[in-house]
Amino acid sequence: MNVDAPELSVIIPVFNKWELTRDCLESLRQHTEGCDFEVLVADNGSSDATAQECPNLGMALFPGRFRHLRFETNLNFGPACNAGAKAASGALLLFLNNDTLLSPGWLPPLLAALRSNERVGAVGPLLVYPERLGLGPRVQHLGIVVEPQLYPQHLHEYFPVDHPLVRKRRSVQALTAAALLLRRSLFFECGGFCEEYKNGGEDVDLGVQIAKRGYSQFCVPESRVTHLVGQTPGRTDNERHNAQVLKARCRADLVPDLAYHAQKDGYELRLTECLRPYLALPARRAEVLNRRAQVGLDPQLCRELLAREPLWLEGYGLLARHCETAGDLTGACAQRFLESRFAPTEAVFTELLRLSELSGEEACRRSAESWLLWRRQERAADLVASALEAADYMERLRLAEVAALYRGWAAGKGRAATF
């Protein structure tokens, strides 16, 4: 045993975007305490300033505890992380995206959670979107759950970060590798990241391997990290390939648990007209909020109600219309943007597109155009057959209510269905 080895190895895979890597390293130095650690940057053949600038900055920030692993070509996320893990010295591994920014006190809660029980396999921080559109800090990741058709998704994405459900401790099937802490021994026992994937799905697969060995995984909301999201070029180019690999490798072990989490948190599972599941308030709770807001709409009250109940979908429409009438087009666009995150329907995205064009909010316009283009392509797909296939699968899993949801959607040929 090397007594000089650090307790923790932080592995940061990178491909270009030196400015992100620089900011990540500086925030890591500024805000990390609680253990001895080393930093390894796994450089996937970057062609920008990374090769020249990274070694000097790394050694200045982490003297004697920094290594720049330079690969001649882009190995992709999984192979780069595996190479970093093999070169690491620490008993603990933290995989960290270079588009993250650490915050004060982020590490001790993670270490405490991982050490709290020998059957805790992996933990991750609460990942938070950077502030935009005046919406305040919002959840990017607090755990991965699985839709009935076996697509992973982030639970309660875009909830306010201080919402009670965000602070709830829950076991999940996987955690994002954007910021993931686990023991080095368990990582290699699981085979590391599967290298069949191309920059997506590796973390879900690893979560399956961890769960198969009887270990739990959960988000630690006391630890917060800002995630800029989607900064690596080509990040989403291989989604279809990665989905196929995930189903081929993990179909028998993934549990469609979105409906379970919906019920535990007091929500309903619904389906959009293009068969996408989403969570929504039960009708009676929504009606109570509607009555409160419609007795002379008070915008501040409306905002307070939405902060308490982010899935009150009607509230976003009420507030958006008020903002537009008052001439606040950016505010109206912001509310429709949130509504589109929680209820991805054609009507919502059409309205988001209209407001984004009026307000000049380019990111919202691109989001709306991308979704509507996808929707037009989906019209040619046999979604009824997909719904019936999902229903049959749910019945085999003895999830009768979820099966009924998909059969109801198929019978209505795309009309909204509620679980």
Side-chain angles (χ1 to χ4, degrees), residues 99-101 103 126-142 153-166 221 224-231 236 267 270 272 276 278-281 285-286 289-290 292-294 296-375:
D99 62 349
T100 56
L101 296 171
S103 59
L126 173 64
L127 295 183
V128 179
Y129 281 112
E131 167 67 31
R132 61 173 301 193
L133 295 172
L135 295 173
R138 296 274 167 170
V139 170
Q140 190 269 319
H141 173 84
L142 57 78
Q153 70 166 241
H154 297 299
L155 182 65
H156 297 329
E157 188 175 9
Y158 282 99
F159 265 50
V161 296
D162 293 325
H163 193 276
L165 288 177
V166 176
R224 291 187 183 180
V225 172
T226 298
H227 190 194
L228 305 180
V229 183
Q231 298 295 311
T236 60
Y267 297 130
R270 295 183 184 176
T272 68
R276 294 300 302 272
Y278 67 99
L279 305 188
L281 278 178
R285 284 169 58 191
L289 293 171
N290 291 341
R292 287 193 63 184
Q294 288 173 347
L297 176 64
D298 179 339
Q300 183 56 36
L301 172 61
C302 200
R303 288 185 172 88
E304 291 173 0
L305 293 176
L306 282 167
R308 271 183 269 161
E309 188 39 81
L311 297 190
W312 175 39
L313 301 178
E314 294 86 347
Y316 296 108
L318 290 170
L319 198 51
R321 288 190 289 274
H322 171 83
C323 289
E324 185 173 9
T325 300
D328 181 7
L329 294 175
T330 295
C333 190
Q335 297 308 314
R336 291 298 189 184
F337 172 79
L338 279 180
E339 187 181 10
S340 74
R341 300 300 96 183
F342 296 129
T345 66
E346 186 168 5
V348 173
F349 275 103
T350 299
E351 186 65 8
L352 177 62
L353 179 60
R354 181 184 72 84
L355 286 168
S356 64
E357 289 175 338
L358 290 173
S359 65
E361 293 292 340
E362 283 300 304
C364 290
R365 182 188 61 78
R366 290 193 299 270
S367 173
E369 287 183 341
S370 176
W371 192 94
L372 290 168
L373 174 61
W374 171 82
R375 175 65 180 124

For this session: Before giving the answer on side-chain contact (heavy atoms from CB on, under 4.5 Å), spell out for His227 and Asp99 the whole-Å C-alpha distance, their side-chain angles and the decisive distance to 0.1 Å.
Result: CA-CA 6 Å; His227 190 194; Asp99 62 349; 3.2 Å; yes
For this session: Decide if the gap between the ring center of Phe337 and the ring center of Tyr316 is smaller than 6.0 angstrom.
Result: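 Not close enough - the centres of the two rings lie 6.0 Å or further apart.
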For this session: Could you check whether the rings of Tyr129 and Tyr158 sit parallel, tilted or perpendicular, using 30° and 60° as the cut-offs?
Result: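 Ring orientation, 0 to 90° scale: parallel.
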Exercise. Does a salt bridge link Arg354 with Glu324, judged by any charged N lying under 4.0 Å from a carboxylate O?
Worked result: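 Yes.
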Could you check whether any side-chain N or O of [X] sits under 3.5 Å from a backbone N or O of [Y], counting only pairs where one atom can act as donor and the other as acceptor?
X      : Y      : answer
Arg336 : Leu352 : no
Glu339 : Phe342 : no
His163 : Arg308 : yes

Min side-chain heavy-atom separation [X]-[Y] under 4.5 Å:
X      : Y      : result
Leu289 : Leu281 : yes
Arg138 : Pro160 : yes
Pro130 : Leu228 : yes
Cys364 : Leu133 : yes

For [X] and [Y], which heavy atoms make the closest approach, and how far apart are they?
X      : Y      : value
Val128 : Pro137 : CG1-CB, 3.9 Å
Glu314 : Asn290 : CB-OD1, 3.3 Å
Cys302 : Leu318 : SG-CB, 4.5 Å
Leu311 : Ala280 : CD1-N, 4.1 Å
Pro344 : Phe349 : CA-CE1, 3.7 Å

Problem set entry | Worked check of side-chain contact (heavy atoms from CB on, under 4.5 Å) between Trp312 and Arg285 | CA-CA 9 Å; Trp312 175 39; Arg285 284 169 58 191; over 6 Å; no
Can you tell me how far the [atom1] atom of [X] sits from the [atom2] atom of [Y], to the nearest 0.5 Å?
X      : Y      : atom1 : atom2 : answer
Leu355 : Cys333 : CG    : SG    : 6.0 Å
Gln335 : Arg303 : CD    : CZ    : 6.0 Å
Leu305 : Gln300 : CG    : CD    : 10.0 Å
Arg365 : Glu357 : CZ    : CD    : 7.0 Å
Tyr278 : Ser340 : OH    : OG    : 13.0 Å
Leu101 : Leu127 : CG    : CG    : 11.5 Å

Exercise. So Glu361 and Ser367, side-chain contact (heavy atoms from CB on, under 4.5 Å) or not? Walk me through it.
Worked result: CA-CA 10 Å; Glu361 293 292 340; Ser367 173; over 6 Å; no
Exercise. Crowded around Arg276 CZ? As in, over 12 foreign heavy atoms under 6.0 Å?
Worked result: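 No, CZ of Arg276 has 12 or fewer neighbouring heavy atoms, counting only those of other groups under 6.0 Å.
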For this session: Under the side-chain contact (heavy atoms from CB on, under 4.5 Å) rule, what do Glu346 and Trp371 come out as? Steps first, then yes or no, please.
Result: CA-CA 8 Å; Glu346 186 168 5; Trp371 192 94; 3.9 Å; yes
